[in-house]
Amino acid sequence: MISKVGVIGAGSMGTAVAQSISRRVGEVIVFGRRQEIVDSINTDNCNKRYFPGLRLNPNIHARLMGDRQGLADCEAVIIAVPSSEVRFIVNATHDELTGKFLVTVAKGLEYPSLKTMSEIIRDETGNPDIACFSGPTFADEVAYGHIAGATIGAGGDPSLRATISNLFGEFILDFSDDIRAVELCGVLKNVYAIGTGMWDSVYGNHNEHYTFLNMCYKEMCIFLRAISRDKGIFTKFCCFGDFNLTANVDKSRNRTLGLMVGKKIVKTPYLESGVTFEGSRSVKGIIELAENHSIDMPIARFVYDVLSGNNNVRESVDGVIRKAP
Ligand SMILES: NC(=O)c1ccc[n+]([C@@H]2O[C@H](COP(=O)([O-])OP(=O)(O)OC[C@H]3O[C@@H](n4cnc5c(N)ncnc54)[C@H](O)[C@@H]3O)[C@@H](O)[C@H]2O)c1
């Protein structure tokens, strides 16, 4: 059993993961940047800002991000901040992170490097084996202990895979050794969730919804077939499960963004927002990756077109039907 695990990020997913793994490790230290959240975890066993009604397990404690010794004392560290922050945070703490078991739950694609989160962490720490965790896992449901499946992306090191499996043993797990493909599933599903929201803002019945959903999944699979070494990825939690969760459920931030753009509640262009609508940041990168591999992705292009400022969602949506594979 690992005695001490650090979680960087005291938001929804950081707190949820901390609660889940706390049943399997000696102590979890959540690293946050707001004093009031750190204090509420340490004094009330509660992250009052994100989960005011949830009692955290007593072996979860919190420190400010600046507590480098606290981070250095952890055997494994999970990174649970928005993808836009990952390089900055890992760069600032690389002395403490180098040589540790590192897992990313952040989902996104850096632009213009087109690197995934594990690749950024590898760049900054030099650690050869970084693992990622990805699946149909809404943070609030994880925090309250509901059943969830997830894919662990982990490379060749058997001890890393064993450690991570034990850490995330509260989940139903599957595995892939193609970490980049697992992470790209988490990027693609956000793009298609935005697209499905836009589509649903125009076409509302069930046949229309599931037809578009199927078209999205087909395009996602064409992309994955071209870039993934893992030929079984299509049925893994990071792919089918997370795609469906994010595109279908209104609790999904990216689906909601698509709906709000479609209904003109959110104005475009909308590509550089600081909020965690990570799909909008990653869509340009996905299109560039697709071009590099000569893959035609009309739906991802339609999402990009609308987010870039084409406010005629209906016209763009109808263009997708004409270009459908
Ligand atoms: N792998 C999964 O199954 C899964 C599920 C849900 C979310 N996520 C991912 O987890 C990541 C975090 O999402 P979330 O829902 O927790 O977001 P959130 O907005 O709820 O929380 C993010 C936290 O990061 C903190 N933060 C931001 N910048 C920071 C910095 N520079 N230093 C320290 N802390 C900083 C914020 O203060 C906030 O507390 C995202 O990439 C999201 O896609 C993954």
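Remember, it's 1-based here, ligands and their atoms both numbered in the order they're listed. Counting from 1, the numbers follow the sequence of the chain as shown.
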For [X], does the [atom1] atom have more than 12 heavy-atom neighbours from other residues, nucleotides or ligands under 6.0 Å away?
X    : atom1 : value
E75  : CD    : yes
H206 : NE2   : no
F88  : CZ    : no

Contact between [X] and ligand 1, counting heavy atoms under 4.0 Å?
X    : value
P82  : yes
A139 : no
Y50  : yes
R253 : yes

Interfacing atoms of ligand 1 (cut-off 4.0 Å, heavy-atom, G135):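 So the answer, numbered in order with elements, is 3 (O).
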From [atom], work out which of [options] has a heavy atom at the shortest distance.
atom                    : options              : result
atom 7 (C) of ligand 1  : M117, R34, K107, M13 : M13
atom 3 (O) of ligand 1  : V103, V17, T137      : T137
atom 26 (N) of ligand 1 : M65, E183, R33       : R33

Candidate pair N91 and E124, rule side-chain hydrogen bond (donor to acceptor under 3.5 Å, both in side chains), full reasoning: CA-CA 6 Å; N91 177 280; E124 297 292 338; 2.9 Å; yes
Pairs satisfying ring pair (Phe, Tyr, Trp, His ring centres under 6.0 Å), at least one member in residues 224-255, at least two apart: Y217-F240, Y217-F243
Tell me which pairs pass ring pair (Phe, Tyr, Trp, His ring centres under 6.0 Å) where either residue lies in residues 158-187, with sequence neighbours left out.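 Those involving residues 158-187 are F133-F168, F133-F171.
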Mode of I89 contact toward ligand 1 - side chain, backbone, both, neither (heavy atoms, under 4.0 Å):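 For I89, the contact with ligand 1 is made by the side chain alone.
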Within the 4.0 Å heavy-atom cut-off, what A150 brings close to ligand 1 is neither
Candidate pair N166 and R24, rule side-chain hydrogen bond (donor to acceptor under 3.5 Å, both in side chains), full reasoning: CA-CA 7 Å; N166 185 38; R24 307 191 143 250; 3.2 Å; yes
Under 3.5 Å, is there a donor-acceptor pair between the D200 and H209 side chains?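 A pair is found: one side chain offers a donor N or O, the other an acceptor, under 3.5 Å apart.
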Judging by distance only, is a nitrogen or oxygen of A80 under 3.5 angstrom from one on ligand 1?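 For ligand 1, there is no N or O atom that lies under 3.5 Å from one belonging to A80.
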